[in-house]
A.B. asks: 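Below is one structure. I have some questions about it.
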Amino acid sequence: MKIIMLGAPGAGKGTQAKMLAEKYNIPHISTGDIFRANIKNGTELGKKAKTYMDAGQLVPDELVVDLVIDRFAEPDCENGYVLDGFPRTIPQAEALEAALAKIGEKVDYAIDVDVPDENIVNRMGGRRACVGCGATYHVVFNPTKVEGKCDKCGEDLILRDDDKPETVLNRLDVYHKQTQPLIDFYSGKGILKSVDGTKDMKEVFEAIVEILGA
Ligand code: ADP
Ligand code: AMP
């Protein structure tokens with residue numbers, strides 16, 4: 001099963017993608033996580049990506065597309081994957097479509113996690129990410145057992161630089177201009193499904209599973 005998660009930054013794509021990956025036993029491929037890992041490891045790609053990410057801008061398509069397409073060659077992608085944060089522009093969606101068409105495949109579902117802008121700033125201001133394993137929490141909606149420490153690995157939690165309010169507004173603007181058109185793109189392909197992302201995490205998950213089937 002090949003699934004794309006769509007939605008504004010902070011809508012809950014990553015939260016849902018992790019649960020879907022576990023349920024359907026497919027990898028969760030997050031371009032944001034890949035870039036953050038590259039930044040942490042000090043790679044050339046990480047250095048290039050960081051300037052865009054810190055400004056709340058998208059990393060240029062040419063730095064993203066091959067990275068994702070190459071990832072599909074890994075053996076864990078044999079039964080599909082859940083893409084989180086990719087595609088984010090029409091050219092990325094077209095490149096994905098073309099790469100899959102070459103091997104006679106296509107995306108099965110594009111799931112739009114719909115959350116209005118008013119809720120997004122709160123969501124992202126309260127998001128905390130683990131510096132060790134990358135797990136995400138929310139200070140109100142999904143708190144850790146011990147404040148400031150990851151439940152899974154015990155490392156410290158941080159507020160991502162790009163989750164600070166001034167950058168969030170930029171990212172929302174970028175989302176509306178560059179990523180939201182993908183909703184029409186996938187609707188036109190007949191594979192778009194929308195879920196109400198303002199519900200609690202469990203309810204959102206149940207709605208997605210109902211769409212995908214057991
Ligand atoms: P995205 O991957 O779309 O940027 P995340 O999955 O990281 O978003 O979620 C953003 C923040 O909102 C996180 O702190 C997460 O714990 C929280 N969150 C996710 N889904 C919900 C939900 N349904 N209700 C409330 N908070 C949520
Ligand atoms: P995310 O973790 O998905 O919120 O992504 C964090 C940041 O990484 C984004 O604000 C972009 O700067 C960059 N990024 C992640 N995925 C992509 C993509 N598909 N295209 C361009 N930039 C991306």
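Numbers here simply count residues along the sequence, with the first being 1. Start at 1 and go down the list; that is how both ligands and their atoms are numbered.
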A.B. asks: With a 4.0 Å cut-off on heavy atoms, is G10 in contact with ligand 1?
C.D. replies: yes
A.B. asks: Heavy atom under 4.0 Å from ligand 1: found in A8's side chain, backbone, both, or neither?
C.D. replies: backbone
A.B. asks: So F205 and L20, do their side chains get closer than 4.5 Å, heavy atoms only?
C.D. replies: yes
A.B. asks: Mind listing the side-chain donor-acceptor pairs of residues 177-188 below 3.5 Å, one per line with the distance, residues two or more places apart or on another chain?
C.D. replies:
| unit_1 | atom_1 | unit_2 | atom_2 | d |
| --- | --- | --- | --- | --- |
| K177 | NZ | D173 | OD1 | 3.4 |
| K177 | NZ | D173 | OD2 | 3.0 |
| T179 | OG1 | R88 | O | 2.7 |
| Q180 | OE1 | H176 | ND1 | 2.9 |

A.B. asks: May I ask you to identify the nearest protein heavy atom to atom 14 (O) of ligand 1, giving residue, atom name and distance to one decimal place in Å?
C.D. replies: Y137 O, 2.7 Å
A.B. asks: Nearest protein heavy-atom contact for atom 8 (O) of ligand 1: which residue, which atom, what distance?
C.D. replies: G12 N, 3.2 Å
A.B. asks: Does I34 offer a backbone N or O that forms a donor-acceptor pair with the side chain of N38 under 3.5 Å?
C.D. replies: yes
A.B. asks: Surrounding CD of E78 (heavy atoms of other residues, nucleotides or ligands, distance under 6.0 Å), is the total greater than 12?
C.D. replies: no
A.B. asks: Considering R160, K13, R123 one by one, which has a heavy atom nearer to atom 22 (C) of ligand 1 than any of the others?
C.D. replies: R123
A.B. asks: Write out the residue and atom name of the closest protein heavy atom to atom 2 (O) of ligand 1, then the distance separating them to 0.1 Å.
C.D. replies: G14 N, 2.8 Å
A.B. asks: Work out whether the distance between some heavy atom of K199 and some atom of ligand 1 is less than 4.0 Å.
C.D. replies: yes
A.B. asks: Using 4.0 Å as the upper bound for N to carboxylate O, is an ion pair formed by D76 and R71?
C.D. replies: yes
A.B. asks: Tell me, which protein residue and heavy-atom name are nearest atom 7 (O) of ligand 1, and how many Å apart are they?
C.D. replies: R127 NH1, 2.6 Å
A.B. asks: Under a 4.0 angstrom heavy-atom cut-off, which atoms of ligand 1 come close to F141?
C.D. replies: 25 (C), 26 (N)
A.B. asks: Roughly how far, to the nearest 0.5 Å, is CD of E147 from CG of L157?
C.D. replies: 9.5 Å
A.B. asks: Drop me the distance from M5's CE to L83's CG, to the nearest 0.5 angstrom.
C.D. replies: 10.5 Å
A.B. asks: Charged N to carboxylate O under 4.0 angstrom, K48 versus E44?
C.D. replies: no
A.B. asks: Should D163 and R171 count as an ion pair when the cut-off is N to O under 4.0 Å?
C.D. replies: yes
A.B. asks: Could you name the protein residues that come within less than 4.0 Å of ligand 2, counting only heavy atoms, and order them by chain and residue number?
C.D. replies: T31, G32, F35, R36, M53, Q57, L58, V59, V64, G85, F86, R88, Q92, R160, D162, R171
A.B. asks: Considering only heavy atoms, which of T15, T136, V139, V204 lies nearest to atom 9 (O) of ligand 1?
C.D. replies: T15
A.B. asks: What part of D200, side chain, backbone, both or neither, has a heavy atom within less than 4.0 angstrom of ligand 1?
C.D. replies: backbone
A.B. asks: Give the atoms of ligand 1, by number and element, whose distance to some non-hydrogen atom of G197 is under 4.0 Å.
C.D. replies: 23 (N)
A.B. asks: Can an N or O of A11 be found at a distance shorter than 3.5 Å from an N or O of ligand 1?
C.D. replies: yes
A.B. asks: Counting heavy atoms only, which of R171, K202, H138, M201 is nearest atom 27 (C) of ligand 1?
C.D. replies: M201
A.B. asks: Could you check whether D200 pairs with K202 (Lys NZ or Arg NE/NH1/NH2 to Asp/Glu carboxylate O, under 4.0 Å)?
C.D. replies: no
A.B. asks: Does a salt bridge link E97 with K189, judged by any charged N lying under 4.0 Å from a carboxylate O?
C.D. replies: yes
A.B. asks: How close do F35 and V64 get, counting heavy atoms only, and between which atoms?
C.D. replies: CZ-CG2, 3.8 Å
A.B. asks: Tell me whether K149 is salt-bridged to D156, with the criterion being a basic N under 4.0 Å from an acidic carboxylate O.
C.D. replies: yes
